[in-house]
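Predicted model, so just to flag it, every value in this text is computed and none were measured. Throughout, protein chains are lettered first and strands after them, A, B, ... in sequence-line order, and every chain is numbered starting at 1.
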Amino acid sequence: MPATAASSAPTNNLYPSAITADDSMHWADVVAKELTSTKDEHLISAGISPTGFIHVGSLREAVTAETVRKALADRDADVRMIYLIDSYDPLRRRYEFLPDSFEDEVGRPISDIPCPYGCHDTYAGHFIKPFMDSMDDLGIDCEIFWTHELYRRGEFADAIDASFQRHDRVLEILSTVTGRSMPEGFYPFSPLCSACGRFSNGEVTGYEYPLVSYRCVCGEEGEVDIRKGEGKLSWRLEWPAKWAIFGVTCEPFGKDHAAAGGSYDSGIRLVREVFDAEPPKPIPYEFIQLKGKGQMHKSTGSAVSGVDALRMTPASVFSYTIARVNPERHIDYDSEMGILDMVDEYDRVERMYYESGATDKDEDLVRAYELSQPHGPREDMPMQIPYRHLVNVVQISKDFDDILETLRRTEDLGGISVNELKTLEERVDCVKYWLNAFAPEQVKYSIAEEMPDIGLSDAEAGFLSRLREELQGCDWEGDVIHNTVYETAKEEGLGAKKGFQALYRIFIERRNGPRMGYFLATLDRDFVLRRIAEAASA
RNA sequence: GGGCCCGUAGCUCAGCUAGGUAGAGCAUCUGGCUUUUAACCAGGUGGUCCAGGGUUCGAAUCCCUGCGGGCCCGCCA
């Protein structure tokens with residue numbers, strides 16, 4: 001243990017002051033209010049290091065930032081948002097999913113490493129592309145920067161120069177804040193070795209603007225030009241350097257950076273004492289956890305990627321699940337049945353938004369809804385077809401047209417507008433994706449195309465035969481059908497339970513399923529009658 | 001060693017930063033319909049508010065101390 005001591009280890013006070021509601025307000029409005037209390041011009045920054053698979057959690061930062069941006073815009077502040085892709089970060093090690101040959105790429109910037117799957121320009125590009133599409137879906141309004149371009153354009157040159165000029169101060173800050181002593185000859189700058197193409201873990205041997213001389217672990221000795229991006233600042237310096245370069249006034253970041261003695265703490269001092277600028281207002285946020293599965297990692301890929309999250313619910317629903325809770329609270333993301341609850345709540349709050357039935361209690365939720373609309377709320381309330389219902393409809397229909405037809409059997413879609421059609425189609429796609437990849441087996445089934453080869457007892461066949469007659473004449477409505485099934489099963493002496501089961505077996509080859517009457521009502525009547533007849537005579 | 005979040009109904013959480021005898025959604029149960037079945041409506045059941053102390057006329061709420069869970073702290077959001 002370094003001697004510098006735990007006794008001086010700082011305690012930070014990030015959280016208590018971070019988001020404090022002085023009255024009942026949505027957290028983003030509280031942040032916006034605080035920000036505008038000093039000035040009206042703001043720059044929100046967020047970013048990501050695309051060194052591997054990007055999971056749901058990574059979206060929290062972007063959504064949090066966007067939510068604050070909207071809240072600021074609603075207060076007529078002059079606000080912009082930037083999103084930095086840390087494309088100049090080195091590959092730290094050869095992850096499991098990478099081919100053996102990538103052993104060679106370790107230490108090189110991910111902007112220089114080829115796409116491991118051969119489908120994008122670079123390694124960074126491969127992992128960031130789908131994420132950028134997600135950002136589009138979420139309607140995140142920001143300007144995107146790639147750090148490797150910033151470095152190569154020399155944007156970091158002044159900051160790098162300052163970190164050399166004030167090297168002693170830098171070391172003092174780092175050792176004080178982290179409570180660790182800095183290793184001999186430590187410089188928070190890694191030259192990009194001209195021989196091996198890696199960020200040298202060797203030595204910095206000298207500096208005279210704009211050249212840094214170095215000795216790489218590969219044996220190479222040389223000089224790099226800080227104006228040409230031939231080297232990079234280490235994270236603890238790079239972050240405050242970005243604040244200074246762009247003039248960032250507000251930034252959300254994960255709790256890993258928020259720990260006492262962590263990079264935000266050192267950043268505060270570095271930005272003031274080395275880069276002569278002020279730190280942004282911090283919005284530390286907790287992580288998203290997968291329900292029952294714990295933490296996610298970029299290096300291993302995750303059970304739920306950011307793209308997955310936006311494919312199983314519409315973007316607005318996802319944003320809502322982020323915006324509805326304070327950033328410092330962790331979120332349990334339940335990709336199974338929880339998805340249905342999530343969308344149900346969203347629909348409920350949507351109704352409150354448009355029908356103004358919200359109580360004080362729900363105000364924050366309604367505001368979260370408003371802030372979660374990628375391009376602002378619509379004029380009129382969108383048509384709501386419950387997710388749970390769609391889960392059935394999707395499974396019994398062939399394609400989208402068929403889905404519309406199925407829906408028309410039980411609901412009056414009237415003259416559905418183009419907008420509504422789009423919304424519905426989006427939901428349908430999400431439901432399909434969810435069913436395919438995340439839904440528990442419990443809710444999955446498919447209509448047997450042909451009469452399944454199951455042995456029905458005489459009693460069951462008799463019941464079905466009689467049921468067919470009864471159904472032939474009845475109104476084709478859920479409750480009517482359901483009652484008919486029940487009554488018939490009882491009258492035939494089979495009992496309700498066995499009667500229902502027989503039907504489940506001949507239609508979906510299971511012993512349970514959606515509520516029978518309503519389920520049959522969504523199916524084509526002739527098909528139902530034909531199948532029952534077939535089963536009865538088999 | 002340090003930091004953060006959480007612990008309230010079976011589950012997910014509000015309520016805590018103006019202390020005043022516990023709320024929502026989902027689940028469950030009942031009724032609508034003599035119905036185990038996953039759309040709908042109405043109603044009901046359901047809680048030692050983690051524990052112990054303190055402040056107070058009064059504490060889920062404020063303070064202290066523990067316990068339990070999750071996570072972070074030399075580039076994992």
Provide, to the nearest angstrom, the distance between the [atom1] atom belonging to [X] and the [atom2] atom belonging to [N].
X	N	atom1	atom2	result
A/Tyr445	B/rU37	OH	P	16 Å
A/Asp344	B/rC11	CG	C1'	15 Å
A/Met337	B/rG10	CE	P	20 Å
A/Tyr346	B/rC13	OH	P	21 Å
A/Ile331	B/rG70	CD1	P	19 Å
A/Tyr264	B/rG74	OH	C1'	20 Å
A/Leu365	B/rG15	CG	P	10 Å
A/Asp334	B/rC13	CG	P	10 Å

At 4.0 Å (heavy atoms only), tell me whether [X] reaches a base, stays on the sugar-phosphate, or touches nothing.
X	value
A/Tyr504	base
A/Gln501	base
A/Lys498	nothing
A/Val485	nothing
A/Ser234	base
A/Gly338	nothing
A/Asp341	sugar-phosphate
A/Arg329	sugar-phosphate

Could you check which of [options] has an atom nearest any side-chain atom of [X]?
X	options	result
A/Asp89	B/rC71, B/rC72, B/rC75	B/rC75
A/Pro514	B/rA38, B/rU12, B/rA24	B/rA38
A/Ala259	B/rC5, B/rC73, B/rC75	B/rC73
A/Ala260	B/rG2, B/rC71, B/rC75	B/rG2
A/Glu286	B/rG74, B/rA38, B/rG70	B/rG70
A/Arg92	B/rC76, B/rC75, B/rA24	B/rC75
A/Lys255	B/rC76, B/rC4, B/rG7	B/rC4
A/Pro183	B/rC13, B/rC76, B/rG74	B/rG74
A/Phe500	B/rU37, B/rC71, B/rG74	B/rU37
A/Arg510	B/rA38, B/rC75, B/rC13	B/rA38

Please state the [atom1] separation for the pair [N] and [M] - nearest whole angstrom.
N	M	atom1	value
B/rC6	B/rC50	C1'	11 Å
B/rC72	B/rU30	C1'	48 Å
B/rU61	B/rA18	P	15 Å
B/rG74	B/rU65	C1'	34 Å
B/rA51	B/rU8	P	10 Å
B/rC57	B/rA42	C1'	42 Å
B/rU37	B/rU28	C1'	14 Å
B/rU34	B/rA60	P	46 Å

Point to revise | NZ or CZ of A/Lys255 within 45° of A/Phe287 ring axis and under 6.0 Å | key: yes
Taking any strand in view, what nucleotide pairs with [N] in a Watson-Crick or G-U wobble way, both distances under 3.5 Å?
N	answer
B/rC4	B/rG70
B/rC29	B/rG43
B/rA24	B/rU12

Review point. Do you know which two heavy atoms are closest between A/Phe438 and A/Ser335, and how far apart they sit?
Key: CB-O, 3.4 Å
Check your understanding: Are A/Tyr504 and A/Tyr445 close enough that their ring centers fall under 6.0 Å?
Key -> no
Check your understanding: Ring centroid separation for A/Trp243 and A/Tyr264, is it under 6.0 angstrom?
Key -> yes
Study note, to complete from the structure: Of A/His482 and A/Val391, the one whose closest nucleotide on RNA chain B sits nearer the 5' end is A/His482
Review point. Pick the nucleotide of RNA chain B nearest each of A/His330 and A/Pro386; which residue has the one closer to the 5' end?
Key: A/His330
Check your understanding: Does A/Asp344 have any side chain to side chain donor-acceptor pair (under 3.5 Å) partners at least two apart in sequence or in another chain, and if so, which?
Key -> A/Arg388
Practice item. Determine if the base of B/rA18 is syn or anti; take syn to mean the glycosidic torsion is within 90° of 0. Key: syn
Check your understanding: Side-chain donor-acceptor pair under 3.5 Å between A/Asp89 and A/Ser49, yes or no?
Key -> yes
Review point. Between the side chains of A/Tyr333 and A/Gln289, is a donor N or O closer than 3.5 angstrom to an acceptor N or O?
Key: no
Check your understanding: Which residues satisfy the salt bridge (charged side-chain N to carboxylate O under 4.0 Å, His left out) test with A/Glu405, sequence neighbours excluded?
Key -> none
